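Chain A is the first sequence line, chain B the second, and so forth, proteins listed ahead of strands; every chain is numbered from 1. Small disclaimer: the values here were computed from a predicted structure and weren't measured.
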Amino acid sequence: MSIATTIVKSTPIFGKMFAVDKSTGLEEINAWPALMIMSSFVWLVVAGLLGLVMPATQIFDLGSDHFYTTLTLHGAALTFPFSFQLMMGVGLHRSGGCVGKPVTGLFAALSWLTMNLGAAILTVAVLMGLKVSVVVMFPLPLVGAQMGVWSMESVIVGFTGIYLVLACMILCYPLLVFKMLFFGKKRAELVLSERSLNEPGMLGMLLAAATLLLTGLPLVVVGTTLLLALYKILPMSLAAWAADPVVFQYTFYLFAHNLMEAMALMVASAMYATLPLYLADGSRKLYSEKLANLALWVLLVTSVTSGLHHFITFYPNQPAALSYWGNIMSWGTGMGAAISIFTILATIWQHGLKPEPGIVAVLVGWALYILDGASAIVTSNIAWTYQLHGTMWQSGHFMTVVLSMSLMWMGVLYHHYPVITGRKLDAGLGSLYIKLMTVGSFGAAIVMLAGGAAGMPRRFADWHPEGWMLYGNLILAFGLIIGASFAVYFYNLMKSREISAPMGELARA
Amino acid sequence: MLDYVYTGWGAFWATMFMFIPFALMAYWVIRRKSLVDTGPTRLQPSEFAPIEGIWLTFAFIFFVVANLASLKFIPWAAASGATGGEAEVQVDFTAKSWAYDISNRQIEAGKPVRFSGRSSDTQHGFAVYHPDGRVLFTMLMMPGTTKPTSVVYTFKEPGKYAVRCLEYCGIAHHRMQDELTVVKSN
Ligand code: HEM
Ligand SMILES: [Cu+2]
């Protein structure tokens with residue numbers, strides 16, 4: 001039995017939802033993905049509740065310290081160990097079944113370990129007092145330590161945690177994907193639904209892994225230098241170049257921006273692979289694979305440099321030319337979205353759709369992603385960003401992009417869940433989850449954008465001036481609905497144990 | 001009209017302008033083809049091509065127009081046009097956790113003001129709020145830059161303008177505030 005299966009089995013409550021069905025003979029592609037998906041949901045439950053705590057600290061005046069602690073934990077946990085890990089789990093499961101290779105070995109184990117250990121260590125650092133927000137506004141961690149706001153120990157612990165999380169995303173996970181795509185022999189018994197790299201359903205996996213590795217390497221160099229200096233292995237004088245705020249923040253965003261785009265590439269890829277399986281006429285064909293691939297390439301090419309839009313208000317320190325470039329490239333990603341909108345809707349128009357909960361959940365997540373994309377290109381426009389940068393608009397954008405991709409993965413998981421566990425999900429609960437999630441997620445997104453339009457600052461522990469509490473109350477209300485929808489989703493996973501016995505052979509059908 | 005489009009709320013409606021038609025269209029297509037008329041369409045693949053062309057052209061033109069029209073609302077572009085030789089009033093400031101040191105908090109309406117700012121510790125923002133609560137512009141400062149971050153803005157109405165830091169800078173970030181007073185020019 002694989003270590004992963006054992007860990008899942010011995011985890012209370014969540015372990016039951018993801019117990020791997022061994023009768024299928026697919027443990028080698030099921031076990032590590034199941035563990036990753038399960039772990040991601042544990043983080044979701046904790047950090048999702050923290051989301052509700054933020055408006056609560058405002059309504060009940062619980063103090064700014066609690067707000068900033070919660071903000072840091074909420075943002076970090078939902079971006080990395082929840083969303084990225086969920087993507088990793090479902091994405092690897094897909095890839096395994098598409099290329100007929102096991103998801104096992106050192107890189108699989110390390111991907112899981114570095115992500116969860118790193119996130120746990122970062123959590124400890126935040127509880128020790130390090131309140132730096134998910135994006136680390138460098139040199140804030142060091143300045144806070146100098147000012148005595150938090151301890152130097154918490155900074156060292158925090159950097160260690162972040163470093164491990166980065167190691168997972170930039171090295172372990174991409175290397176595992178490369179290994180699966182290019183090395184080892186295909187094993188017929190592991191092939192569930194064969195795909196080649198020319199198909200959009202696989203191309204996105206490869207492009208995403210390459211993006212993570214290439215755009216992350218500079219950050220690995222900068223991060224390693226800083227970490228070595230923090231541990232006093234390297235003298236500070238040799239690390240000074242990496243501690244330069246401009247150097248750090250630009251390498252950080254080169255990666256952070258492309259991290260989001262890489263995740264988008266993967267989820268788009270998963271959608272292009274899943275949608276054809278639910279077409280009413282059984283044709284299993286996209287409107288056009290070429291167009292689907294084109295959308296992925298446009299997204300890739302435009303996104304690499306569009307991250308410059310983070311620094312537009314830094315003018316003239318960021319020269320105008322670079323800001324115009326970031327602005328244009330960001331709207332270029334919008335062209336990618338326009339192409340994918342056409343591909344998806346034309347496919348459905350051409351072949352009809354079997355509206356099962358899994359695919360509907362994917363489509364709802366995708367619609368949320370389009371809303372987010374619209375808000376994102378708007379705030380990448382130079383004139384608009386001068387009024388939106390640093391407002392709740394951008395928290396709304398960040399939260400919505402992460403949430404929408406997660407929703408798509410949770411929909412794709414509906415499709416993979418029976419293969420992993422041998423159990424079926426209830427369609428009624430599935431559609432209740434979708435209804436609640438639609439109201440909650442679109443509501444929260446629109447309210448946060450509206451708050452930003454009204455000038456409500458992000459990461460700001462005082463929502464009382466200028467009537468911003470209105471938006472705060474609405475965020476809480478829609479947040480509660482999001483919470484309820486997750487509860488229904490988990491209840492469905494729990495309940496699936498009872499509906500049907502493991503269905504081994506069915507998984508392959 | 002354009003003056004409104006390129007504000008925070010204008011951004012909100014621009015987003016909705018892109019999203020709402022998409023949402024209606026997607027809802028209609030998905031509903032129709034999954035519940036009402038699930039059979040394959042009679043449209044031939046070749047008949048999709050013109051729709052595809054029109055849709056992508058429309059998106060492209062909209063994107064180009066929205067961005068070209070915004071050019072004159074960019075603070076640095078506005079600076080070169082608006083001042084037209086008129087002398088800029090200089091306001092220098094330094095941001096330090098968690099307060100500002102501002103050279104001049106009293107400003108005359110109608111005169112272009114150049115704000116030039118630096119940070120002396122970590123990243124900070126400098127957002128100027130209109131008395132009605134909107135953000136007029138915000139600036140990002142990082143420590144150690146050779147040039148100050150800079151924006152030119154001409155205030156139109158007298159009043160009290162709040163200044164807030166919009167870059168997260170630690171546990172008292174929300175208290176990093178100041179105020180500018182704009183008076184009638186004489
Ligand atoms: C349970 C309902 C939720 C509520 C009430 C909630 C609330 C919030 C609030 C108020 C903020 C803005 C904080 C600020 O910038 O001042 C925020 C930020 C964020 N949320 Fe949520 N959230 C919820 C669920 C989620 C979920 C499910 C995800 C991810 C899938 C998520 C991801 C994020 C991210 C990434 C940020 C950005 C953090 C930052 O910029 O520092 N949230 N959330
Ligand atoms: Cu500040």
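Annotation: side chain of B/Tyr168 is not in contact with side chain of A/Val135 (no heavy-atom distance under 4.5 Å).
No part of A/Thr379 comes within reach of chain B, as not one of its non-hydrogen atoms sits under 4.5 angstrom from that chain. Neither the backbone nor the side chain of A/Lys354 comes within contact range of chain B; no heavy atom of the residue lies under 4.5 Å from a heavy atom of that chain. For chain A, the nearby parts of B/Phe48 are the backbone and the side chain; heavy atoms of each come within less than 4.5 Å. Using a 4.5 Å cut-off between heavy atoms, A/Ala337 does not touch chain B at all. Looking at B/Glu47, there are no atoms closer than 4.5 Å to chain A (heavy atoms on both sides), in backbone or side chain. Only the backbone of B/Leu136 comes within contact range of chain A, with heavy atoms under 4.5 Å apart. The part of B/Arg32 that comes within reach of chain A is its side chain, from C-beta onward, which places non-hydrogen atoms under 4.5 angstrom from that chain. With a threshold of 4.5 angstrom between heavy atoms, A/Tyr287 approaches chain B through side-chain atoms but not through N, CA, C or O. Interface remark: A/His351 contributes backbone atoms only to the contact with chain B (heavy atom separation under 4.5 Å). Proximity to chain B is limited to the side chain of A/Pro465, based on heavy atoms less than 4.5 angstrom apart. Only the side chain of A/Asn327 comes within contact range of chain B, with heavy atoms under 4.5 Å apart. Of the two parts of B/Trp28, only the side chain, counted from C-beta on, holds a non-hydrogen atom closer than 4.5 Å to a non-hydrogen atom of chain A. If you measure heavy-atom distances from A/Ile377 to chain B, the contacts under 4.5 Å come from the side chain alone. Both the backbone and the side chain of B/Ala26 come within contact range of chain A, with heavy atoms under 4.5 Å apart. With a threshold of 4.5 angstrom between heavy atoms, A/Leu279 does not approach chain B through any atom at all. For chain B, no part of A/Ile328 is nearby; none of its heavy atoms comes within less than 4.5 Å. In this structure, chain B has no heavy atom under 4.5 Å from any part of A/Gln318. Using a 4.5 Å cut-off between heavy atoms, B/Val151 contacts chain A through its side chain alone, with no backbone atom that close. Contacts of A/Phe248 with chain B are absent, with no heavy-atom separation under 4.5 Å from either backbone or side chain.
The greatest number of non-hydrogen atom pairs below 4.5 Å with chain A, out of B/Ala59, B/Ala172, B/Gly170, is found for B/Gly170. Per-residue counts of heavy-atom pairs under 4.5 Å with chain B were compared for A/Asp281, A/Asp462, A/Val246, A/Leu371; the largest is that of A/Leu371. Comparing B/Phe63, B/Phe17, B/Phe58, B/Phe60 by heavy-atom pairs within less than 4.5 Å of chain A, the highest count is held by B/Phe63. The greatest number of non-hydrogen atom pairs below 4.5 Å with chain A, out of B/Ile20, B/Val64, B/Val5, is found for B/Val5. Per-residue counts of heavy-atom pairs under 4.5 Å with chain A were compared for B/His173, B/Arg31, B/Met139, B/Met16; the largest is that of B/His173. Each of A/Thr385, A/Thr343, A/Leu291, A/Thr391 has some count of heavy-atom pairs under 4.5 Å with chain B, and the biggest count is that of A/Leu291. For the options A/Val132, A/Asp65, A/Leu388, heavy-atom pairs under 4.5 Å to chain B are most numerous at A/Val132. The greatest number of non-hydrogen atom pairs below 4.5 Å with chain B, out of A/Pro457, A/Ala280, A/Ser288, is found for A/Pro457. The choice from A/Gly144, A/Ala450, A/Ser375 that makes the most heavy-atom pairs within less than 4.5 Å of chain B is A/Ala450. Between chain B and the residues A/Leu71, A/Thr69, A/Val149, the largest count of heavy-atom pairs under 4.5 Å involves A/Val149.
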Which is it for B/Leu140 and A/His310 under the side chain to side chain contact (heavy atoms under 4.5 Å, CB included) test, yes or no, and what are the steps along the way?
CA-CA 10 Å; B/Leu140 161 66; A/His310 290 273; over 6 Å; no
Going through the checks in order, is the side chain to side chain contact (heavy atoms under 4.5 Å, CB included) test met by A/Gln350 and B/Lys33?
CA-CA 9 Å; A/Gln350 223 171 8; B/Lys33 296 310 288 187; over 6 Å; no
Working for side chain to side chain contact (heavy atoms under 4.5 Å, CB included), residues B/Phe19 and A/Leu449
CA-CA 13 Å; B/Phe19 175 67; A/Leu449 295 178; over 6 Å; no
Audit row: B/Asn67, A/Trp384, side chain to side chain contact (heavy atoms under 4.5 Å, CB included) steps and yes/no:
CA-CA 10 Å; B/Asn67 283 289; A/Trp384 271 318; over 6 Å; no
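A donor-acceptor pair is defined here as one N or O able to donate and one able to accept, closer than 3.5 Å; such a pair exists between the side chain of B/Trp55 and the backbone of A/Ala338. When atom types are taken as modelled, the side chain of B/His174 and the backbone of A/Ser64 share no donor-acceptor pair closer than 3.5 angstrom.
Using a 4.5 Å cut-off between non-hydrogen atoms, the part of residues 142-149 of chain B that approaches chain A consists of B/Met142, B/Pro143, B/Thr145, B/Lys147, B/Pro148, B/Thr149. Below 4.5 Å, heavy atoms of chain A meet heavy atoms from B/Asp121, B/Thr122, B/Gln123, B/Tyr129, all part of residues 121-131 of chain B.
Taking CD1 of B/Ile171 as the reference point, atom CG of A/Leu140 lies at 10.0 Å (rounded to 0.5 Å). A distance of 9.0 Å separates OG of B/Ser34 from CG of A/Leu363, quoted to the nearest 0.5 Å. One finds the CZ atom of B/Arg175 at 10.5 Å from the CZ atom of A/Phe460 (value rounded to the nearest 0.5 Å). Separation of atoms CG (A/Leu353) and CG (B/Leu35) is listed at 9.0 Å; rounding is to 0.5 Å. Separating the CZ atom in B/Phe73 from the CD atom in A/Gln387 is a distance of 9.5 Å, to the nearest 0.5 Å. In this structure, CZ in B/Arg164 is found 4.5 Å from CD in A/Glu466, a value given to the nearest 0.5 Å.
Between A/Val378 and B/Met18 the shortest heavy-atom distance is CG2-CE, 3.5 Å. When every heavy atom of A/Pro316 is checked against every heavy atom of B/Ser150, the shortest pair comes out as CD-N, 3.6 Å. Nearest heavy-atom pair across A/Leu345 and B/Met25 is CD1-CG, 4.1 Å. Across all non-hydrogen atoms, the minimal contact from A/Ala383 to B/Tyr6 is CB-CD2, 4.3 Å.
When the shell of 6.0 Å around CH2 of A/Trp325 is examined, it contains 12 or fewer heavy atoms from other residues, nucleotides or ligands. By the neighbour-count criterion of 12 heavy atoms within 6.0 Å, atom CH2 of B/Trp13 is sparsely surrounded, having that number or fewer from other residues, nucleotides or ligands.
Between A/Tyr386 and B/Tyr153, the distance separating the two ring centers is not shorter than 6.0 angstrom.
Using a 30° and 60° split on the angle between ring planes, A/Trp393 and B/Phe12 fall in the perpendicular class, above 60°. Between A/Tyr324 and B/Trp76, the angle of the ring planes goes over 60°, which puts this pair in the perpendicular group of the 30/60° scheme.
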